[in-house]
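What follows is one structure encoded as structure tokens, with my remarks underneath.
Keep in mind that the numbers below use all heavy atoms, side chains included, and drop hydrogens, waters and symmetry copies. All of these numbers come straight from a predicted model, not from anything done at the bench. Convention: sequence-line order gives letters A, B, ...; per-chain numbering from 1.
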Amino acid sequence: MSREVWILAEHAGGRPRKITYELLGKARALAEALGSRVTAVALGSGVGALAADLGAHGADRVLLGDAPALGQYTADAYTAALAPLVAAERPFLLLIGSTASGRDLAPRLAARLGAGIVTDCAAVDLDGEDVVATRPVMTRKALARVAFQADVLRIAVVLPHIFPPAAEDRARSYETVPVPVPVERGAARARVVDVTPVARESVPLTEADIIVSGGRGLRGPENFALLHRLADALGAAVGSSRPPVDSGWVPHDYEIGQTGKTVNPQLYIACGISGAPQHLAGMSGARCIVAINRDPQAPIFQVATYGIAGDLFQILPLLTEEVRRLKAAQQG
Amino acid sequence: MHVVVCVKQVPDTEAPIRIRPDGQGVDESGLTFVMNYYDEHAVEEAIRIKERAGGTVTLIAAGPARAAEALRAGLAMGADQAIHIQDPALDGLDHLALARVLTAAIASVPYDLVLCGKLATDDNAAVIGPALAEFLDLPQATAVTRLELGDGTATAHREVEGGVEVLEISLPAVVTVERNINEPRYPSLPGIMRAKRTPITVKTIADLGVDLGGSGAARVRLLGLAPPPARPPGRMLEGEPAEVVRELVRLLREEARVL
């Protein structure tokens, strides 16, 4: 087994995704503690241009699996490309982002390689020669500390927006190594026939620093406009608790909670959200939580950094105005 | 169309939990257990497929005696038969070893499609579905929000970052489902009565002919569970709305430093 820390570089539109920089940041810290180096694996079609970005953000070596068959992620194609590389070099640890494709790929890769896998990692640390991961479980009512056994291949699937991204240094030297991509025999048994972009997302919820989120207290779909206005002023993303999704006010991709997304923003503004355990499961990792709710007894106030028991229809427009004034002053 | 659904029994997510003093699990006394929320959607999807295309729905669960309740709940919704893997050795298995055991159980019945929930709400792992696909050598689609079956193929919609992906897979396949794929039905009274009469096939790991050998050793181990760190006590802001809002923005900027 080598001492290297590997990351799978996720990318979109010819650029690494934010999670990739976060993985590189974590990998650099671990590799320095181990006295080893960082290898980034980039799979796709026409991915050569990624190497410079990955090198500048901490990769010592970039393995490029470049083939038209990898142009669209599928579990079959990516597992076939990645498994032989990992099996051949047996890195100390492989970090994969907890994204739609990362969550799809990592367990299948682990099953093929007989690797140890820990998903949803909020922390990955060295404890002597052990790799110890911390992950939220039981609707975030507990944190589990999990250790990989010493002699296994280790795959950690890491939550987005927790680790600080790697610093950029365009002068860093790195090595680029093209790797063979296995050619699929016969017809592919899975293929992506379409990807329809969802236009609304300026920043994906899981990557947003600030989230403005609404619940049942908004009373109707039209009132999400209040949240969007505040979010525009803040440069924030808009989310929701479960009731607005169940009522059809907003699509499911807005939902934050046990049955939706897990988010870790710097600031979470919960508007008209009571704070059911299933919602807290998705957002109580936020650094600062603001709760605005009519009911002073609402459980959301127990996790709130700042609480306002009041009428959100009065407060949100005032808050939007106040934020606009602040932003204008900060720019001026 | 023969559909197999893997179900798990988990603590009710609304219930408070008590971590055992040894940190190796939660105190089960007084805890309510239910079928994993996402698995209800998988069972519902399977029953809808049976209603449209005929065939059978087989449920498989691995777990202690109480897990039979989750199987009964699925039978009451309309599943035809259930296999309960019960074995003291289940406790020491990691997800991949458990997936090996489930794979053997799936292979013991006819199947065109294997459905799972996208994750279990107790351990949040989301490992079993893709691991089953690998061990059964089948294509997979995870976190699926819409599933359409064709002739030997299926079209699956998945939410991906910034969009919706449409994936075409050949059958048989393993599909894990999101909660918005359907609205699970409540069991009917006749369904509940039938579920009580339906025998559940109980099997041990040895009955399934699984020899975990070296791969049975857990590759990860739980060091312990702990409550999440307490959040520092919050502050209620009181006063006239305009005043409260000004104070909030000041605190966010000067104290929390998030603006």
Would you mind checking which part of [X] comes under 4.5 Å of any heavy atom in chain B, side chain (CB onward), backbone (N, CA, C, O), both or neither?
| X | value |
| --- | --- |
| Ala106(A) | neither |
| Asp120(A) | side chain |
| Glu255(A) | side chain |
| Leu326(A) | side chain |
| Asp127(A) | neither |

If only atom types and distance count, is the side chain of [X] paired as donor or acceptor with the main-chain N or O of [Y] below 3.5 Å?
| X | Y | answer |
| --- | --- | --- |
| Glu161(B) | Pro204(A) | no |
| Arg108(A) | Ala133(B) | yes |
| Gln140(B) | Asp104(A) | yes |

- Item | Sorted by number, residues from residues 148-157 of chain A in contact with chain B (heavy atoms, under 4.5 Å) |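 Interface residues of residues 148-157 of chain A: Phe148(A), Gln149(A), Val152(A).
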- Audit row: Ser101(A), Val160(B), side-chain contact (heavy atoms from CB on, under 4.5 Å) steps and yes/no: CA-CA 8 Å; Ser101(A) 56; Val160(B) 297; over 6 Å; no
Part of [X] lying under 4.5 Å from any heavy atom of chain A:
| X | answer |
| --- | --- |
| Arg231(B) | side chain |
| Val10(B) | neither |
| Leu259(B) | both |

Counting C-beta onward and ignoring hydrogens, is there a side-chain heavy-atom pair between [X] and [Y] closer than 4.5 Å?
| X | Y | result |
| --- | --- | --- |
| Leu222(B) | Arg145(A) | no |
| Lys141(A) | Pro227(B) | no |
| Val192(A) | Val166(B) | no |

- Task: Walk me through it: do Arg191(A) and Leu167(B) pass the test side-chain contact (heavy atoms from CB on, under 4.5 Å)?
- Result: CA-CA 6 Å; Arg191(A) 68 192 179 92; Leu167(B) 186 66; 5.8 Å; no
- Hey, mind stepping through Val137(A) and Leu225(B) against side-chain contact (heavy atoms from CB on, under 4.5 Å) and telling me if it holds? CA-CA 9 Å; Val137(A) 295; Leu225(B) 293 177; 3.8 Å; yes
- Task: Verify salt bridge (Lys or Arg N to Asp or Glu O under 4.0 Å) between Arg179(B) and Asp246(A), making sure each step is shown before the conclusion.
- Result: CA-CA 10 Å; Arg179(B) 78 172 189 91; Asp246(A) 283 348; 2.9 Å; yes
- Message: Under 4.0 Å between a side-chain nitrogen and a carboxylate oxygen: does that hold for Asp137(B) and Arg112(A)?
- Response: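 A salt bridge is absent here (no side-chain N lies under 4.0 Å from a carboxylate O).
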- Query: Do Glu247(B) and Tyr306(A) meet the criterion of a side-chain donor-acceptor pair at a distance under 3.5 Å?
  - Reply: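 Judged by distance alone, the side chains do not pair up.
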